[in-house]
Structure formats: C-alpha cells, structure tokens
Amino acid sequence: MAPMQPNWDIFCRVIDNYGDIGVCWRLARQLANEHGRRVRLWVDDLHSLQPLCPETDVALAVQACRGVEIRHWVEPVAVDRVGEVIIEAFGCDLPASVVAGMARKSPRPCWINLEYLTAEAWAEGCHGMASPHPSLPLVKYFYFPGFSPASGGLLRERGLLAARDAEMARLPRSEGLDVSMFCYESAPVGELLDLLARSPTAVRLHVAPGQPLAAVAARFGGSGPWRRGELTVIPFDFLPQDDFDRLLWRCDINFVRGEDSFVRAQWAARPFVWQAYRQADEAHMAKLRAFLAQYVAGLGAAGAAAAVDLFQAWNSGHGLGRAWESFLAARPEIAQHNRHWAERLAGHPDLAAALVKFCAGKV
Ligand code: TRH
C-alpha cells in the first residue's frame, strides 16, 4: 500500500561545517529507506554533502543516492512537484516559488520547520507549535528534536543499536585507550594533548580533519602522525557518515561537537565529551547546562561531578587538568550510565518515525 504523504521535500542551507547537512542527510535516508517516502533533498552546497556521502557528484543538479533524490538548490527554483510534506531545515527560508506552489496545492502540504536540538525546557513548550503564514493560507509547524517524549525525538535508524552491539562484540581487546576527537578550534586541545602525553597507559588519539587537526598541528607542528610520551596522534580522513558512527563505537572516549556527532556519541554509549556550537551571548552554555542536568540525573555524585566538570572545562577552556583526572577515574561508572542513557533514549520514538506520525496528524 502506498504510504500517506508519499512525497517529501527537505530544504537545507549549509550555514557552516557539517551539522545542517549531516542531520538532513540522515533524515532523508531514513524517510526513504524505512518509511518508503519519495524524498528529495535540496541542498545549496553539494560540497558539504560529498564528504558525508562520497557517491555525491558535486557537478550534478539532480542525482539519486541511497534511495534519496538529491537536488542542488540554486535559485530560482522551478517548481515541478510540491510534496505533501515540506521540511524547512533550521529556518532556512524556502524558495518563494515553492511557498507559492504550496499555497496553490490542495490539500495543503504539511510545512515543518525542523529546529536545532536543545534540552532546554522552552523547546518542549514550542514543539509542534503552529505559525500561520501572514498572507497565504499556509501553516508552518515547529518541530523540536529532543531527549524526552515531549519533544520530537532524536534521529535513530532502525537496527542501529543492534548493529552497534554486533560491532562491539567483534572488537579485539586492546591495551590502553582509543580516543576520538571532533571539536572546534576554541577547545583547549593543546592542554588535552599534554595530559594525554603524560598518561600512565598508551593513548591513541584519532583526530578529525579540519579544526581538530589544525589545533593539534598548532601544538605539535608538522602534519603528523605524532608521538609524545604515551600519546600517539592518528589523523583520519573525513569518514562517510556511517563509518564515522563505527569509529565512535570503537573508541573508549569520544570528543564530539555541534548536534549530529553529539547524538551519535550518545548512541555509541561510550563515555563522551561534548563541545556545544558557540552562540552569541554564551547561549550555548545554557544549552550545555540543560543537557547536563538531564544526562547526569542517573549518575552517582562522583560520576555526575566528573561529567559536568569535564564538559564545562572543555567548553570554557578552564580547569581541564583536574576534570580529566576525575573523568578517567569515573569512566567505568560513566560507561555503564551511558548504556542506560542510550537505552532510555531509544525507548522514545525516533525523530523520523515521530515526524511521519506528526505530519499524518496534520492532514
Ligand atoms: O560540523 P558541526 O560543527 O555542525 C554544526 C554546524 O556548525 C551547524 O551550523 C550548527 O548549527 C550545528 O553544528 C550545531 O557538528 P555536527 O553537528 O556534529 O556535524 C558533523 C557531521 O559530520 C555529523 O553528521 C557527523 C559527520 N562526520 C562524518 O560523517 N565523518 C567524519 O569524519 C566527521 C568528523 C564527521
């Protein structure tokens, strides 16, 4: 049977980095592959998608990949089809021609503004809120991802945790620590490197390209790989999105950032440290505190303090040395807690399934 609302259009404007397209690409694939939707992903910068999905041909205006039709979003957009669901990712401002096409379509499409992830309480209050268009007969709904059942959920593919567990069961035992690092340039990377070099056991630090690798090069000079004391720094090339997930599954501790890698580290259920995307007026610190308040709730006092201190130190640049020591001491407790945390989150509907249901309710 054909699904309700078979045609979906997702519009993504890349602001910077990989988070906007990272979220949209995952969502598009999941809607197509798990929910049988015909999905068109409109992206204004194919060069940002290509590292996540190496099959992408940046020269093509239209191409099919992993069950998704990818369209290079170049204005003006000629409207040949208006989907039953239109997703405006992160308030990216739909093309005027598309909005006009939506107003002409009957029944009207379901218009979703997919928002950024935050654990702040106000987001739950705004989740699902309707915003009527000032002049056209259209309503836009705000859709907030989040960590509680009152939110729009988190992206989680079917079978993800089973695939993770199968991969983890195959991992050979290794001595020392594998740590991955994906962070912004403002993180106190140099200080972390010094701490890791003085570690009592071997540490293999897997460093993402771009800002993380530049921060390491700024400390050590040259282009790596580097060895300092017990530390070996292993730069890696940008990985296709699913391979990046696997790297997080393999590492003992993951430093992640932004939005999408932050969520993937939680599905990896390994100890992790999050650097929030910097916002004006330190708004990201409120985001950080809101997440920590929910996340550490099930941890004992020492584990909770260790996680809070390290997240704060990594984001503020202050107090990393002591926080790192406490985090390492609490690592077994945090590892166990993160398994429970991931299981708890996986008990809620995933974002794609919840969104399909939400949109069906707006017909
Ligand atoms: O790249 P990010 O910092 O992205 C963003 C954007 O800056 C965005 O504008 C901002 O609003 C948002 O953060 C909060 O971090 P993020 O969200 O983790 O996205 C990175 C994506 O890249 C994610 O999908 C994982 C993927 N990735 C790979 O697929 N392979 C890799 O090797 C690496 C390092 C990342």
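All ligand and atom numbering here is 1-based and tracks the order in the structure.
- With sequence neighbours left out, Y18 forms a ring pair (Phe, Tyr, Trp, His ring centres under 6.0 Å) with F238.
- For F244, the ring pair (Phe, Tyr, Trp, His ring centres under 6.0 Å) partners two or more places apart in sequence, or in a different chain, are F182.
- Side-chain atoms of S148 and E124 form a donor-acceptor pair, as typed in the model, at a separation below 3.5 Å.
- Between the side chains of Q30 and D350, at least one donor N or O lies within less than 3.5 Å of an accepting N or O.
- The contact shell of ligand 1, taken as protein residues with any non-hydrogen atom closer than 4.0 angstrom, comprises D16, N17, Y18, G19, D20, G22, L52, Y116, F182, Y184, A208, F236, F238, L239, P240, Q241, F244, R257, G258, E259, D260, S261, Y277.
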Show every donor-acceptor pair shorter than 3.5 Å between a side-chain atom in residues 77-91 and any protein atom, with sequence neighbours excluded, or say none if there are none.
residue: D80; atom: OD1; partner: R40; partner atom: NH1; Å: 3.2
residue: D80; atom: OD2; partner: R71; partner atom: NH2; Å: 3.4
residue: R81; atom: NH1; partner: N7; partner atom: OD1; Å: 3.4
residue: R81; atom: NH2; partner: W8; partner atom: O; Å: 3.4
residue: R81; atom: NH2; partner: D9; partner atom: OD2; Å: 3.3
residue: E84; atom: OE1; partner: N7; partner atom: N; Å: 2.7
residue: E84; atom: OE1; partner: N7; partner atom: ND2; Å: 3.3
residue: E88; atom: OE1; partner: W111; partner atom: NE1; Å: 2.9
residue: E88; atom: OE1; partner: K140; partner atom: NZ; Å: 3.1
residue: E88; atom: OE2; partner: D93; partner atom: N; Å: 2.9

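- Aromatic ring pairs are classed by plane angle as parallel below 30°, tilted from 30° to 60° and perpendicular above 60°; the pair F220 and W226 is tilted.
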